[in-house]
Amino acid sequence: MHSGAASQGHPRASWLGPRQTMLEVFIALLSCVVCRICAFVMEVIIQPSQEAASLLAAKMIASLVRRKPAAVLGLATGSTPLGLYRELARMHREEGLDFQRATTFNLDEYVGLAPGHPASYHHFMRENLFRHINVAPGNTHIPDGLSCDIPATCEAYEASIRAAGGIDLQILGIGSDGHIGFNEPASSLASRTRIKTLTPRTRADNAPFFAQGEEVPHHVITMGIGTILETRQVLLLGFGLKKAEALAAAIEGPVSPMVPASALHFHPRAHVILDEAAATRLERTDYYRHVFDNKPVWQKQ
Ligand code: F6R
């Protein structure tokens, strides 16, 4: 609807859109401020494929890095972010996406694995992202799985996140049991970086990353759920039927330590990006699609 003022011939400010009144702009700005202060948003975005979901996540990260070249990124490992990392590498190579000033913190590492071990997350990150972009090696952080003093290492990890100014954007995958990071079911929702014992199910899920016959470690160092909740923005990626149940419990079930990803309902700005298969157990898919397709312009960034 056109504004009364415009239809009565009053001059319009040149930066107003054809359908915007000053009042609408004021309301949008106000909502923006209110959103930043107190809105707790879990946005569910369903994409036609894993590839499309990874591209969308990469665009969101690229937009942050372009806006804030010294962004602090929280990174995940596993099969889920592989397409995203490939796309970030492509954007660096072909579009000059610059990570020179970025800082990264990984969620977790296996206790007892040296950085050169092919199943270590140090190795994973080097092979799948770091060597393909221009992040400064001194700006990347992954918990030290060989530490002789794990509590001190965990405390120092938290301190370096704080010293970097906190994490701007955290990438997460989800375990088939609902874990985020390696916060297994029954983890405290206030937990900080610490040692955790993996469940048999997670060890079985991760066995394909290890050589045949090699034991998956029982212990990991992981950022806590409290640590993750302090990040400024979260992108939780979930792909495939195997994740459908955990995602439905996290998104539509009650918040519970038994589904650690459900704690993201307390995150100020969480986006859950799924492919169709991972969305099959959700009840409100039509609504999530409707909301995404009808986002107000000021929310699209
Ligand atoms: C990895 C991590 C884990 C994985 C999760 C899903 O750093 O923190 O939470 O994101 O186990 O693993 P994939 O992606 O292999 O299914």
Side-chain angles (χ1 to χ4, degrees), residues 35 38-50 53-54 56-57 60 74 76-81 107-108 169-192 194 196-206 220 222-295 299:
C35 245
C38 64
F40 280 72
V41 176
M42 181 187 273
E43 181 184 31
V44 180
I45 304 172
I46 303 167
Q47 292 289 287
S49 65
Q50 176 166 346
S54 302
L56 177 64
M60 291 167 88
T77 56
S79 52
T80 304
L107 283 165
D108 36 32
L169 186 149
Q170 176 67 54
I171 298 159
L172 295 174
I174 184 169
S176 59
D177 61 2
H179 70 229
I180 47 174
F182 275 128
N183 297 283
E184 296 283 35
S187 291
S188 158
L189 300 187
S191 50
R192 313 299 309 188
R194 68 209 184 293
K196 278 296 285 184
T197 304
L198 296 178
T199 60
R201 181 173 178 179
T202 298
R203 291 181 64 240
D205 283 348
N206 289 4
V220 290
T222 179
M223 280 188 204
I225 298 176
T227 320
I228 293 169
L229 291 180
E230 276 174 14
T231 62
R232 295 186 188 96
Q233 188 176 4
V234 156
L235 302 189
L236 169 64
L237 306 179
F239 305 137
L241 272 180
K242 198 176 165 193
K243 304 296 174 69
E245 200 174 316
L247 284 160
I251 296 166
E252 294 179 344
V255 173
S256 158
M258 295 312 291
V259 185
S262 67
L264 295 176
H265 281 288
F266 291 128
H267 193 282
R269 197 170 170 208
H271 312 268
V272 184
I273 308 180
L274 315 175
D275 66 1
E276 293 284 354
T280 46
R281 300 294 294 272
L282 293 171
E283 283 180 9
R284 310 200 67 205
T285 48
D286 288 349
Y287 179 66
Y288 306 134
R289 288 183 218 276
H290 176 77
V291 170
F292 186 66
D293 292 343
N294 292 285
K295 264 183 159 185
Q299 270 189 348

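Because the structure is predicted, anything quoted here is derived from the model rather than measured.
- With R194 contributing its side chain and R192 its backbone, the two residues share a donor-acceptor pair below 3.5 Å.
- Taking F182 as the reference, H179 meet the ring pair (Phe, Tyr, Trp, His ring centres under 6.0 Å) condition, with sequence neighbours excluded.
- The two atoms that bring M42 and V272 nearest to each other are CG-CG2, 3.9 Å, heavy atoms only.
- Judged by distance alone, the side chains of H290 and D286 never bring a donor and an acceptor atom under 3.5 Å apart.
- The neighbour count for E245 CD, taken as heavy atoms of other residues, nucleotides or ligands under 6.0 Å away, does not exceed 12.
- Atoms CG and OG1, on L282 and T280 in that order, are 7.5 Å from each other to the nearest 0.5 Å.
- Nearest heavy-atom pair across G178 and A246 is N-CB, 3.8 Å.
- Q47 meets the side-chain contact (heavy atoms from CB on, under 4.5 Å) test with I45, A52, A53, L56, I273, F292; sequence neighbours excluded.
- A side-chain donor-acceptor contact under 3.5 Å links S176 and R201.
- Between the side chain of E252 and the main chain of E283, a donor-acceptor pair closer than 3.5 Å is present.
- Taken from CG in D108 to OG1 in T222, the straight-line distance is 4.5 Å, to the nearest 0.5 Å.
- Under the rule for a side-chain contact (heavy atoms from CB on, under 4.5 Å), the partners of A277 that lie at least two apart in sequence or sit in another chain are L241, D275.
- Looking at every heavy atom in both residues, A249 comes nearest to S262 through O-CB, 4.5 Å.
- A 6.0 Å sphere centred on CZ of R281 holds no more than 12 heavy atoms belonging to other residues, nucleotides or ligands.
- If you take CG on L235 and CE on M60, they are separated by 5.0 Å, rounding to the nearest 0.5 Å.
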Side-chain polar contacts of residues 254-261 - donor-acceptor pairs under 3.5 angstrom, sequence neighbours left out - could you list them?
{"unit_1": "S256", "atom_1": "OG", "unit_2": "M258", "atom_2": "N", "d": "2.8"}

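- Expressed to the nearest 0.5 Å, how far NZ of K196 lies from OG1 of T202 amounts to 10.5 Å.
- Within the model, atoms CD1 of I180 and CG of L264 stand 4.5 Å from one another, a figure rounded to the nearest 0.5 Å.
- For R284, the CZ atom counts as loosely surrounded, since its 6.0 Å shell holds 12 or fewer non-hydrogen atoms of other residues, nucleotides or ligands.
- Taking the side-chain contact (heavy atoms from CB on, under 4.5 Å) definition, one finds that T80 meets it with L237, F239, K243, sequence neighbours left out.
- Between L172 and Q170, some side-chain heavy-atom pair lies under the 4.5 Å cut-off.
- D177 and E184 get closest at one heavy-atom pair: OD2-OE1, 2.7 Å.
- When each of I225, L189, L107 is tested with N183 by the rule side chain to side chain contact (heavy atoms under 4.5 Å, CB included), just one qualifies, namely I225.
- Residues passing the side-chain hydrogen bond (donor to acceptor under 3.5 Å, both in side chains) test with S188: none are found, sequence neighbours excluded.
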task = Report the C-alpha distance between V44 and Y287 in whole Å, list the side-chain angles of each, state the deciding distance to 0.1 Å, and finish with yes or no for side-chain contact (heavy atoms from CB on, under 4.5 Å).
result = CA-CA 9 Å; V44 180; Y287 179 66; over 6 Å; no
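- The two residues I228 and H267 make their nearest non-hydrogen contact at O-CD2, 3.5 Å.
- For the atom pair CD of Q50 and CG of L274, the computed distance is 11.5 Å after rounding to the nearest 0.5 Å.
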